[in-house]
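Numbers here are sequence positions counted from 1. Basis for what follows: all heavy atoms, side chains included, without hydrogens, waters or symmetry-related copies.
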Amino acid sequence: MPNDALLLRLNALRGDDPSLTNGNSNHLPMVLAALHALGAAPARLDAYAEAQRGLIRPLAVQTPAGGFAASWADFEAQIAADGRDAVLRRELPHLLEGLVTAAFHGLIRLAYGVRFGVDVETAAGLAVLSAFRRETPLPTAAGSTGAAEGLRSLSQGTALANVVFERPMIMGRLAEVLAHPAFLAAVPPLRIEKGAARAWHSLAVTAARLYRATGDFTALHLVTGLHALRVLWPWMAAPEPVLQRYWLAFCAAYVAIGRPWPMSLRPLPDPLPPWAALRAAAIASSDDHVIKLVDSCDALARDFDPDTSELPGLLHACAAQVVTADTH
């Protein structure tokens with residue numbers, strides 16, 4: 001299906017809100033783009049959209065000035081006037097200082113819009129980042145660590161041993177974790193001196209291992225969020241501070257799901273199902289997270305050489321794990 005057919009379907013959602021009538025996040029635009037990327041037929045996209053239609057909350061119910069609706073309209077106008085590239089280069093440095101919970105849906109929705117050249121979705125992603133922005137501090141510690149070593153220190157250290165987090169929903173829990181002084185004092189900085197590309201790779205490998213060890217919904221978002229960062233990389237003038245802030249959100253996610261360690265990988269069939277079978281299973285799935293994770297894993301695995309990186313194998317296993325869980 002050519003991108004213009006995807007554009008027509010996403011434009012049809014122009015009046016949707018980023019949250020649904022049940023209070024959950026609206027994944028539909030992202031899922032349509034992921035299905036398109038996986039090779040789904042137009043009829044499958046339409047069937048998925050139709051099944052979700054009753055949950056979509058129209059923007060008309062959102063009244064506060066300066067919220068998502070106003071931001072969306074403003075970014076659409078900016079893109080129409082100045083072009084997508086100029087707006088991304090101008091707005092991303094400021095918006096990416098506010099990752100926190102927007103490290104997930106804001107980034108992911110924006111990346112899908114950019115990936116497929118859909119201006120209405122690019123504007124929507126920027127609007128999510130803007131409407132839910134909360135500045136994320138940069139680490140202040142003098143030392144440095146790789147991602148896996150940093151998670152191990154958070155798990156095995158004593159700083160968080162007696163801290164109890166109360167909020168049950170994951171986005172609320174993330175905000176609670178990020179506001180806790182004990183957490184902010186305990187988080188080590190990512191080893192940026194490796195260079196931004198290597199730092200991203202360290203995060204991606206560790207996110208994939210965390211998902212393989214836990215099957216956790218939040219860990220899944222770390223993988224798809226890092227895919228989004230990679231898509232947006234060309235428009236980042238300074239990616240290293242963005243990675244530092246993402247690292248803080250990454251650590252908050254790790255703490256929010258209970259600081260699991262050691263990260264023992266869950267068993268999977270050997271050999272793994274081929275990618276074609278995993279893509280087909282994701283296309284047939286009714287679970288938006290299955291669809292998006294398989295798309296991210298598939299796209300990212302193509303970018304790395306399995307002879308020089310463990311990431312393709314880990315991503316293949318992540319895709320197999322989420323599909324297996326979805327079908328059992």
Side-chain angles (χ1 to χ4, degrees), residues 27 30-31 33-40 44 48 103-104 108 111 146-152 154-156 170 198 200-231 246 250-251 253-328:
H27 295 256
M30 296 179 277
V31 175
L35 286 169
H36 168 70
L38 290 166
R44 174 61 183 136
Y48 193 96
F104 302 135
I108 295 164
E149 293 88 345
L151 295 193
R152 184 174 61 224
L154 284 174
S155 177
Q156 298 180 344
I170 188 59
R198 291 184 66 182
W200 179 93
H201 191 272
S202 174
L203 284 168
V205 165
T206 304
R209 286 178 177 165
L210 183 59
Y211 180 73
R212 284 281 291 112
T214 64
D216 188 87
F217 168 86
T218 307
L220 180 154
H221 281 83
L222 292 173
V223 178
T224 52
L226 283 159
H227 178 208
L229 276 182
R230 186 168 175 84
V231 171
Y246 194 91
F250 190 113
C251 289
Y254 178 67
V255 171
I257 64 176
R259 296 183 292 148
W261 197 272
M263 294 197 294
S264 302
L265 306 187
R266 295 184 172 189
L268 282 173
D270 185 17
L272 295 175
W275 275 112
L278 295 173
R279 287 191 290 268
I283 289 170
S285 177
S286 60
D287 189 319
D288 47 272
H289 292 102
V290 173
I291 297 165
K292 289 190 295 176
L293 182 62
V294 172
D295 170 43
S296 286
C297 290
D298 182 36
L300 285 172
R302 298 169 190 264
D303 285 347
F304 294 89
D305 183 350
D307 291 334
T308 58
S309 168
E310 64 184 301
L311 195 52
L314 276 169
L315 292 167
H316 192 175
C318 285
Q321 182 168 312
V322 78
V323 165
T324 300
D326 188 45
T327 54
H328 286 79

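- A donor-acceptor pair is defined here as one N or O able to donate and one able to accept, closer than 3.5 Å; such a pair exists between the side chain of S202 and the backbone of A147.
- Checked by atom type, the side-chain pair D216/T218 shows a donor-acceptor distance below 3.5 Å.
- In the displayed structure, R198 atom CZ is contacted under 6.0 Å by at most 12 heavy atoms of other residues, nucleotides or ligands.
- Annotation: side chain of L220 is not in contact with side chain of K292 (no heavy-atom distance under 4.5 Å).
- The two atoms that bring W261 and S155 nearest to each other are CB-OG, 3.1 Å, heavy atoms only.
- Side chain of S309 to backbone of P306: no donor-acceptor contact under 3.5 angstrom is found.
- Taking the side chain to side chain contact (heavy atoms under 4.5 Å, CB included) definition, one finds that A228 meets it with L107, I108, A111, sequence neighbours left out.
- When atom types are taken as modelled, the side chain of R259 and the backbone of L154 share a donor-acceptor pair closer than 3.5 angstrom.
- Considering all non-hydrogen atoms of both residues, L314 and A208 come closest at CB-CB, 3.9 Å.
- Although no hydrogens or angles enter the test, the distance criterion places no donor-acceptor pair under 3.5 Å between the side chain of R44 and the main chain of L35.
- Residues L151 and F250 approach most closely at CD1-CE2, 3.7 Å, considering heavy atoms.
- With sequence neighbours excluded, no residue forms a ring-ring contact (aromatic ring centres under 6.0 Å, His included) with Y48.
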Query raised in the report: Does the pair T224 and H289 meet the rule for a side-chain contact (heavy atoms from CB on, under 4.5 Å), with working shown?
Result: CA-CA 9 Å; T224 52; H289 292 102; over 6 Å; no

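- Qualifying ring-ring contact (aromatic ring centres under 6.0 Å, His included) partners for Y254, counting only residues two or more places apart in sequence or in other chains: none.
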**Report entry** Verdict with reasoning, L229 to L203, per side-chain contact (heavy atoms from CB on, under 4.5 Å)
**Finding:** CA-CA 11 Å; L229 276 182; L203 284 168; 5.9 Å; no

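- Applying the salt bridge (charged side-chain N to carboxylate O under 4.0 Å, His left out) definition to pairs two or more places apart or across chains, those involving residues 303-328 are R209-E310, R230-D303.
- For L222 against Y246, the heavy-atom pair with the smallest separation is O-OH, 3.2 Å.
- The shortest heavy-atom contact between D295 and A37 is OD1-CB, 3.3 Å.
- Residues V223 and L300 come closest through the heavy atom pair O-CD1, 4.4 Å.
- Side chain of H221 to main chain of F217: a donor-acceptor pair is present (N/O by atom type, distance under 3.5 Å, no hydrogens or angles).
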Donor-acceptor contacts, no H, no angles, side chain residues 268-279, under 3.5 Å, sequence neighbours left out:
from : atom 1 : to   : atom 2 : distance (Å)
R279 : NH1    : D298 : OD1    : 3.1

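- For H201, the ring-ring contact (aromatic ring centres under 6.0 Å, His included) partners are F304, not counting sequence neighbours.
- In this structure, the side chains of L226 and S296 stay at 4.5 Å or more apart for every pair of heavy atoms.
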Requested in this report: Could you walk me through whether C297 and H316 pass the side-chain contact (heavy atoms from CB on, under 4.5 Å) test, one step at a time?
Outcome: CA-CA 7 Å; C297 290; H316 192 175; over 6 Å; no

